[in-house]
Amino acid sequence: MDPFSVMANSILAVFSVMQLGLIPIMAEGETTVFGAVGEQVILPCIDKSHSDGVTWKYNDLVVIQHQMHLSRGKTPLFSRSELNKQEMSKGNFSLILSQLEHSDAGKYICVVGSRTFKVQLQVFEVTGSPSGYLLQAENLMLSIQGSSSANVTWSNNYKDKVTATQSRELKNGGRSLQIHNLQAEDSGTWRCHITSLSAKLDIPYKVLVIGFHNLNQTLYKAVNSTVSFSYSLSTHLLQIRELEYVRGGLEWKQMINNTYVEKFNFNVTSKGLLLPEQMANMQVTWKPSNHLEVKLPRVQFKDAGWYQCQFTVSRGRVEKAIHLVVMTVTADPVGPLSKSANVTLLCKLSAPIPPNAQLFWEHVNGTEKKLNMLGHSEVEVKTKTVGLWRCSLKVENNMMTSIDYTVGRETTTTSSIQRPMLSLSVSLSMSVSPILSLLSPQ
Ligand SMILES: *[C@@H]1O[C@H](CO)[C@@H](O)[C@H](O)[C@H]1NC(C)=O
Ligand SMILES: *[C@@H]1O[C@H](CO)[C@@H](O)[C@H](O)[C@H]1NC(C)=O
Ligand SMILES: *[C@@H]1O[C@H](CO)[C@@H](O)[C@H](O)[C@H]1NC(C)=O
Ligand SMILES: *[C@@H]1O[C@H](CO)[C@@H](O)[C@H](O)[C@H]1NC(C)=O
Ligand SMILES: *[C@@H]1O[C@H](CO)[C@@H](O)[C@H](O)[C@H]1NC(C)=O
Ligand SMILES: *[C@@H]1O[C@H](CO)[C@@H](O)[C@H](O)[C@H]1NC(C)=O
Ligand SMILES: *[C@@H]1O[C@H](CO)[C@@H](O)[C@H](O)[C@H]1NC(C)=O
Ligand SMILES: *[C@@H]1O[C@H](CO)[C@@H](O)[C@H](O)[C@H]1NC(C)=O
């Protein structure tokens with residue numbers, strides 16, 4: 001809704017009262033107008049019975065007047081005040097103020113003929129602390145500046161009204177909003193709504209959070225397959241002028257060892273990503289300037305752990321870790337079985353199994369099946385059954401990864417040729433699962 005229509009209405013109300021002769025000489029109604037720092041505001045003054053001169057005063061000083069010709073007083077509003085000639089000929093003497101400053105607040109008087117109109121201007125500003133761009137996990141305090149008993153509410157970047165929650169704190173009677181633990185998803189335009197009986201104003205505030213999308217991922221991969229770690233930033237780094245430098249790196253924490261070790265580091269420049277010459281077996285692609293992808297071919301059991309990507313900028317650092325869980329299978333004995341012998345197939349995961357997951361061996365197209373014991377991240381099957389066996393990991397009925405193993409048997413007792421029958425093939429039906437969904441079954 002047009003914030004000025006409220007004031008126009010209140011002026012009309014004054015007119016109708018006057019027409020009824022209830023108020024004698026006094027032609028003044030006081031209108032309240034809200035404006036935002038840096039923006040334009042219109043102070044209404046309408047007298048349809050006149051079309052000639054007007055004088056606008058602020059603190060008894062003439063701001064601008066039009067009597068035959070336009071003139072301005074020496075006030076701080078000198079270059080920021082304007083009248084609309086076309087509107088004046090219709091009896092609309094409204095004052096247009098631009099580039100509002102806090103010090104512009106106060107009482108304005110519009111004199112048209114023998115009548116005066118008072119306008120109370122209140123000037124507001126939303127400030128953020130810290131100002132400028134923000135980093136994931138930081139806290140942001142938004143405050144409204146400008147004295148008023150007006151009612152203040154806030155809405156977020158999805159246009160929803162902000163209410164107090166764990167991560168949103170309303171302070172100072174709602175005049176300040178503290179946003180805790182910022183996430184990439186908090187980026188966007190937040191708004192402050194200021195309302196009183198006769199005026200209202202919305203002030204937008206742009207929040208820009210540098211952070212990663214999809215925190216907390218787990219990747220389940222079969223041994224010998226290729227794993228691809230994807231780190232996507234919420235912001236194109238090179239678009240943020242304030243960033244003096246951007247450095248980063250990939251670090252790795254083993255399952256058994258609680259410290260991160262650097263795999264490689266890089267620098268982000270306008271030309272792209274500067275990588276060290278020695279990259280071991282990692283393949284890095286960089287989609288300027290916010291997406292890093294790292295491929296690790298032929299992943300091994302010992303590669304399991306957390307792969308954390310971090311970006312360091314002048315203000316601090318943001319990071320995201322992807323948990324790589326590797327599945328592997330072994331057979332004992334290896335190779336074709338001698339007559340009536342059995343084989344032990346072992347399938348194991350590099351990390352503790354989530355409570356909503358199942359690890360199992362099954363004889364493909366057969367009936368034999370063996371499930372892991374509750375909480376065990378490995379499953380073992382002893383069998384004499386030849387054919388294709390498959391170990392699978394299901395999380396909430398979603399197949400995460402599987403490995404096939406073919407059990408063979410020596411064909412004849414007379415044959416002296418032992419053909420190796422071990423055939424391992426890795427199924428590539430792997431998927432990414434956010435930890436969140438693992439923990440909250442829907
Ligand atoms: C009066 O003029 C201003 C511009 O000078 C305009 O924004 C406003 O809508 C006008 N008011 C009316 C009631 O016409
Ligand atoms: C502020 O606005 C809210 C919601 O519209 C209302 O419940 C509350 O009474 C208002 N407070 C004041 C002081 O106007
Ligand atoms: C991500 O994991 C970290 C550490 O495990 C935890 O503190 C944080 O709350 C998790 N975040 C989400 C969104 O689940
Ligand atoms: C953890 O790994 C780092 C790097 O490989 C090594 O220096 C450190 O000694 C390890 N700590 C333990 C407890 O294994
Ligand atoms: C990145 O910059 C830092 C500091 O200038 C330097 O020490 C490091 O070697 C650079 N790394 C690469 C991969 O260029
Ligand atoms: C499987 O073989 C092992 C020795 O290789 C033997 O001890 C065990 O009893 C056998 N189990 C079955 C069910 O045949
Ligand atoms: C299992 O059955 C499907 C269809 O019935 C068949 O296509 C597939 O080849 C079978 N696999 C094995 C290992 O027998
Ligand atoms: C992985 O590859 C190695 C080397 O080719 C092979 O010996 C091993 O059996 C493979 N493991 C699986 C589970 O496929």
Side-chain angles (χ1 to χ4, degrees), residues 219-227 231 237-238 243-252 261-286 288-289 292-294 296-304 309-314 316-317 324-336 343-350 359-369 377-381 383 385-393 399-409 419-430:
L219 284 177
Y220 296 98
K221 290 285 169 175
V223 73
N224 288 350
S225 67
T226 296
V227 57
Y231 302 95
L237 290 175
L238 296 174
L243 299 173
E244 292 142 38
Y245 62 86
V246 182
R247 270 176 221 149
L250 188 79
E251 1 184 83
W252 171 62
V261 184
E262 183 176 285
K263 284 277 185 189
F264 63 87
N265 65 60
F266 54 79
N267 292 311
V268 182
T269 71
S270 52
K271 293 191 191 74
L273 203 68
L274 286 184
L275 289 165
E277 282 165 21
Q278 292 296 316
M279 284 295 299
N281 55 342
M282 299 199 145
Q283 299 154 14
V284 178
T285 51
W286 170 246
S289 57
L292 182 80
E293 188 160 309
V294 181
L296 188 60
R298 295 191 62 80
V299 68
Q300 297 304 300
F301 204 68
K302 62 176 171 51
D303 295 327
C309 174
Q310 44 92 3
F311 282 88
T312 303
V313 296
S314 21
R317 78 178 225 168
L324 171 67
V325 178
V326 179
M327 178 201 268
T328 191
V329 301
T330 51
D332 181 27
V334 175
V343 62
T344 301
L345 301 176
L346 175 68
C347 175
K348 63 176 181 175
L349 287 182
S350 61
L359 187 68
F360 58 91
W361 274 112
E362 63 184 338
H363 185 229
V364 176
N365 290 356
T367 51
E368 280 173 76
K369 182 167 174 174
S377 48
E378 57 179 54
V379 57
E380 193 183 86
V381 65
T383 184
T385 314
V386 295
L388 185 64
W389 283 81
R390 178 171 295 155
C391 178
S392 307
L393 175 71
M399 188 64 80
M400 291 300 165
T401 187
S402 66
I403 299 181
D404 288 354
Y405 184 86
T406 304
V407 176
R409 196 174 293 282
R419 279 183 298 120
M421 286 283 291
L422 170 69
S423 133
L424 285 176
S425 64
V426 169
S427 147
L428 290 171
S429 64
M430 281 131 239

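Note that ligands are numbered from 1 as they come in the structure, with each ligand's atoms numbered from 1 the same way.
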Verify the contact flag for [atom], where contact means a protein heavy atom under 4.0 Å away.
atom: atom 7 (O) of ligand 5; value: no
atom: atom 4 (C) of ligand 7; value: no
atom: atom 11 (N) of ligand 5; value: yes
atom: atom 14 (O) of ligand 7; value: yes

- Item | Spacing of L359 atom CG and T401 atom OG1 [to the nearest 0.5 Å] | 10.5 Å

- For the atom pair OG (S314) and OH (Y245), what is the distance rounded to the nearest 0.5 Å? 6.0 Å

- Query: Nearest protein heavy-atom contact for atom 2 (O) of ligand 5: which residue, which atom, what distance?
  - Reply: N267 ND2, 2.5 Å

- Item | Protein contact of atom 9 (O) of ligand 7 - nearest heavy atom, named by residue and atom, plus distance | N365 ND2, 4.7 Å

- Query: Counting from 1, what ligand 5 atoms have a heavy atom of P276 closer than 4.0 Å?
  - Reply: 13 (C)

- Under 4.0 Å to a heavy atom of R247 - the qualifying atoms of ligand 5, by number: 2 (O), 3 (C), 4 (C)

- Query: Using 4.0 Å as the upper bound for N to carboxylate O, is an ion pair formed by E251 and R317?
  - Reply: yes

- Message: Check the orientation of W361 and W389. Use parallel for under 30°, tilted for 30 to 60°, and perpendicular for over 60°.
- Response: perpendicular

- Do any N or O atoms from the side chain of W252 and from the backbone of D303 form a donor-acceptor pair under 3.5 angstrom? yes

- Message: Suppose I only count heavy atoms of R298 and a 4.0 Å limit; which atoms of ligand 8 are within that range?
- Response: 1 (C), 2 (O), 3 (C), 4 (C), 5 (O)

- Item | More than 12 heavy atoms from other groups under 6.0 Å of NZ on K271 | no

- Query: Among I403, V329, T328, whose side chain to side chain contact (heavy atoms under 4.5 Å, CB included) with C347 holds?
  - Reply: V329

- Message: Heavy-atom distances under 4.0 Å decide this one: backbone, side chain, both or neither, for N265 against ligand 5?
- Response: both

- Which heavy atom in G387 sits nearest to a heavy atom in H363, and how many Å separate them? CA-NE2, 4.0 Å

- Query: Could an N or O of ligand 8 be found under 3.5 Å from any N or O of T328, whether backbone or side chain?
  - Reply: no

